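Notes to accompany the following structure.
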Amino acid sequence: MCGIVGYIGKKTACPILINGLTALEYRGYDSAGIASIENKKICVMKDKGRVSNLNNIEGIDNLRGTIGIAHTRWATHGKPSKENSHPHMDNSETFAVVHNGIIENYTELRKFLSDNGYKFLSQTDTEVIPNLIHYYFTKDTSSDENKFLKSVKQATTDLKGSFAIEVLSNLYPDKMITVRKDSPLVIGKGSTGYHIASDIPALLEYTRDFYLLDDYEFAVMENDSIKFYNSDLIEHNKEIKNIEWAASAAEKNGYEDYMLKEIFEQPTAIRETIGSRLKLGEKCDFSDLDISKEYLSSINKIFIVACGTAMHAGLTGKKFLENLCNIPVEVDIASEFRYRNPIINEKTLCIFISQSGETADTIAALKLSKSKGAKTLAVSNVIGSSITREADYTIYTHAGPEIAVASTKAYTSQIVLLGILSVYFAEILESSDSKVLENLKKDILELPKKIEASLNTKNEVKNFAQKVFDEKDVFFIGRGSDYNVALEGSLKLKEISYIHSEAYASGELKHGPIALIENGITVISILTDETLVEKSISNIQEVITRGAKTFIVTNQNILNSNFDAIVKIEETNPLLSPILSVIPLQLLAYYITKEKGLDVDKPRNLAKSVTVE
Ligand code: F6R
């Protein structure tokens with residue numbers, strides 16, 4: 001939520017900042033702004049609307065400063081407007097700040113500052129930050145050369161909540177300070193200077209060498225130097241990390257949208273995620289996990305906790321773990337889990353799935369589980385992300401950067417990784433027949449090829465999309481694993497096409513929802529479990545009788561002509577079927593949204609990384 005960018009170096013900052021904001025726009029896109037320093041004066045240019053609007057602001061082309069900060073906003077406090085856009089300055093216009101996160105005690109801080117004569121021009125929580133920095137700065141009458149840093153540190157000590165901030169001051173025109181707590185921030189070392197951003201893909205064009213800031217760690221950049229300080233302002237050295245993602249991974253590479261590109265990248269994403277972890281005739285390799293047999297044998301309960309699509313991947317993860325390892329698994333939504341006092345102890349393993357690794361609720365749920373004595377395992381796509389730094393164990397999907405707000409390749413990669421992890425646990429625990437495991441491995445290795453067949457349904461899916469794109473309500477139904485996929489298909493459709501959609505377990509239809517089925521309503525069914533096909537077909541007939549249009553995704557040979565569209569996918573192990581059956585649903589959401597002429601990659605009200613509660 002919200003994207004921040006910064007640059008200090010040899011080049012003019014403004015174009016670099018706008019470029020960075022454009023790359024980060026998936027984090028928020030209701031207003032944007034930049035600040036740069038010229039002739040010892042901070043120039044702020046900002047407005048509501050998309051990043052591209054910045055180019056229309058008079059004088060922006062004349063900004064020549066080589067230091068600057070920038071922001072693309074996802075509004076929390078105060079509607080999208082010029083006043084509420086970042087950067088924000090203190091009353092004396094000495095300090096400028098961009099901020100990602102939420103300051104929970106901003107009302108209290110605003111009152112404190114108002115009582116001390118400060119005025120506020122916006123409704124944002126952020127505006128307290130530059131004013132607090134100014135308050136501490138003016139209170140310090142010393143001529144300490146670290147006075148700027150000290151004031152930033154004092155101000156951040158007062159803040160409750162989450163923040164990643166960048167600060168400029170006209171008194172220190174060659175210096176930028178950044179700090180974070182529970183909100184992402186990375187610093188890239190480029191050939192012409194330092195680039196700061198909320199996440200790595202936005203900077204791949206400039207560098208692959210990154211400093212990943214820890215909570216309450218301060219970075220002070222001045223000309224071509226960088227210094228790091230801990231929360232007591234003691235200076236320390238910091239390791240630079242080389243991130244392997246190719247620069248082109250964050251580009252559209254000829255596709256019309258990131259979402260389409262990412263849907264079509266799934267064979268590669270799965271291949272990369274399997275990597276060398278799984279080979280036929282050999283035990284799975286998670287040696288980097290360092291989980292002992294003794295510990296695994298002691299686990300009597302597993303929680304899988306995540307949000308949105310990642311939680312849906314967890315539902316399939318539960319099936320793997322319960323089937324192969326015989327350990328009961330509960331899947332929960334992170335925002336519920338963290339406040340419901342879950343029963344956890346040292347015999348509980350808690351798995352947290354997060355593509356971004358920055359989702360506030362998932363991180364909070366992880367911290368809670370740790371505090372109750374459980375071991376925690378993070379599944380993430382972003383190296384060094386916050387969740388991976390908190391967890392006892394981390395495993396990575398290797399899906400490459402996911403830029404479209406709607407998650408696609410991360411979902412299928414998460415399922416594959418949970419599948420391989422379950423096989424690995426089962427091998428250690430000897431909880432499944434080795435032949436069953438070997439067959440499953442073979443099926444996992446065949447997935448990339450079979451995904452191609454799912455992708456080949458694109459024309460049939462597009463035809464159906466053209467028929468139903470102006471629907472108001474759509475239902476998704478399925479049983480077992482197919483129900484889990486129905487949940488994901490429904491989420492995909494509603495988030496990008498704004499069509500109201502619901503997912504139900506097919507057997508639940510008669511317990512209420514079927515009352516909504518009437519002439520012309522679209523019902524999408526997933527049918528991959530041969531043991532349940534007949535029952536599911538009966539449910540579909542019931543909705544057809546009531547006038548529904550039907551779209552079926554199946555791997556079965558269904559001889560029935562009264563469905564409006566049947567899309568055929570490949571057969572696989574039933575545990576893996578969600579990876580193949582979700583793809584036509586991703587494509588359906590995509591083509592319906594295109595048909596409606598909407599922005600597929602940046603749906604309204606959403607942001608890629610939900611770093612606030
Ligand atoms: C939906 C979607 C979201 C995310 C959710 C969790 O397409 O992308 O539902 O899955 O916000 O995000 P991560 O995985 O980054 O924790």
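Indexing begins at 1, ligand by ligand and atom by atom, following the structure's order. Owing to the predicted nature of the structure, the values given are computational and were not obtained by experimental measurement. We count residues from 1, following the sequence as given.
- Counting atoms of ligand 1 from 1 in the listed order, those under 4.0 Å from a heavy atom of Glu495 are 1 (C), 7 (O).
- The six-membered or imidazole ring of His195 lies near that of Tyr206, with a centre-to-centre distance under 6.0 Å.
- The shortest contact between atom 12 (O) of ligand 1 and any protein heavy atom is with Thr359 OG1, 3.5 Å.
- Below 3.5 Å of separation, one finds an N or O of Ser354 facing an N or O of ligand 1.
- Counting only heavy atoms of the protein, atom 14 (O) of ligand 1 lies nearest to Gln355 N, 2.7 Å.
- Residue Glu358 does not touch ligand 1, judged by heavy-atom distances below 4.0 Å.
- Defined by atom type and a distance below 3.5 Å, a donor-acceptor pair is present between the side-chain atoms of Asn341 and Lys372.
- Looking at Val405 next to ligand 1, an N or O pair under 3.5 Å apart turns up.
- Taking CD1 of Ile415 as the reference point, atom NE2 of His312 lies at 10.5 Å (rounded to 0.5 Å).
- The contact set between ligand 1 and Ala310, taken as ligand atoms under 4.0 Å from a residue heavy atom, comprises 10 (O), 14 (O).
- Ranking the protein heavy atoms by distance from atom 2 (C) of ligand 1 puts Thr309 OG1, 3.8 Å first.
- Among all protein heavy atoms, the one lying closest to atom 5 (C) of ligand 1 is Cys307 O, 3.6 Å.
- At a 3.5 angstrom cut-off on N or O pairs, Ser356 counts as close to ligand 1.
- Counting non-hydrogen atoms of other residues, nucleotides and ligands closer than 6.0 Å to NZ of Lys79 gives a total of 12 or fewer.
- Taking the six-membered ring for Trp and the full ring otherwise, Phe303 and Phe337 have centroids separated by under 6.0 Å.
- Within ligand 1, counting atoms from 1 as listed, the ones closer than 4.0 Å to a heavy atom of Ala406 are 7 (O).
- Classification of Glu495 and Lys492 as a salt-bridged pair holds, one side-chain N sitting under 4.0 Å from a carboxylate O.
- Looking at Lys492 against ligand 1, only its side chain comes within 4.0 Å, counting heavy atoms.
- The ligand atoms of ligand 1 that sit less than 4.0 angstrom from a heavy atom of Gly308 are 9 (O).
- Side-chain contact of Asn381 with Glu402: a donor-acceptor pair under 3.5 Å is absent, judged by distance alone.
- Heavy atoms of other residues, nucleotides or ligands lying less than 6.0 angstrom from NZ of Lys370 number more than 12.
- For ligand 1, the polar-atom distance check against Gln414 finds no nitrogen or oxygen pair separated by under 3.5 Å.
- Of the options Val567, Ile526, Val523, a side chain to side chain contact (heavy atoms under 4.5 Å, CB included) to Phe551 is made by Val567 and by none of the others.
- The protein non-hydrogen atom at the shortest distance from atom 11 (O) of ligand 1 is Val610 CG2, 4.0 Å.
- Of the N and O atoms on the side chains of Ser490 and Ser501, at least one donor lies less than 3.5 Å from an acceptor on the other residue.
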